[in-house]
Amino acid sequence: MVHIVPGGGRGGGKVVMIGGEGSSGPRCSIRTQNMYSDAVPDYLRMVALNVPAALLVLGFVFAIDDITGFEITEAIELPPPYGPLLL
């Protein structure tokens with residue numbers, strides 16, 4: 001819960017956090033215009049989300065290549081500059 005405590009001076013008061021929960025998520029400094037965050041990337045979850053999708057796409061590309069009789073592979077293996085341009 002957030003309360004504004006009256007105070008003297010130009011500011012007029014200050015914000016005080018009451019309770020066990022702290023401030024989470026992105027915050028910004030009004031004076032310096034900087035953003036601060038306590039977020040930490042979860043690399044295991046990112047890998048767990050990306051690996052199945054990457055394998056699915058690779059499997060799909062291989063299946064299409066297999067159905068066409070590996071003509072896509074042969075086209076990519078053309079001499080430069082034709083092969084790299086197909087990618």
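Along the sequence shown, the residues carry numbers beginning at 1.
Applying the side chain to side chain donor-acceptor pair (under 3.5 Å) criterion to Asn50, with sequence neighbours excluded, gives no partner residue. Every residue meeting the salt bridge (charged side-chain N to carboxylate O under 4.0 Å, His left out) condition with Arg45, not counting sequence neighbours, appears here in chain and number order: Asp42.
The hydrophobic cluster around Met46 extends to Tyr43, counting ILVMFWY residues whose side-chain heavy atoms fall within less than 4.5 Å of a member.
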Which atom pairs, donor and acceptor, lie under 3.5 Å between side-chain atoms of residues 52-66 and protein residues at least two apart or in another chain?
{"from": "Asp65", "atom 1": "OD1", "to": "Ile72", "atom 2": "N", "distance (Å)": "3.2"}
{"from": "Asp65", "atom 1": "OD1", "to": "Thr73", "atom 2": "N", "distance (Å)": "3.3"}
{"from": "Asp65", "atom 1": "OD2", "to": "Thr73", "atom 2": "OG1", "distance (Å)": "2.3"}

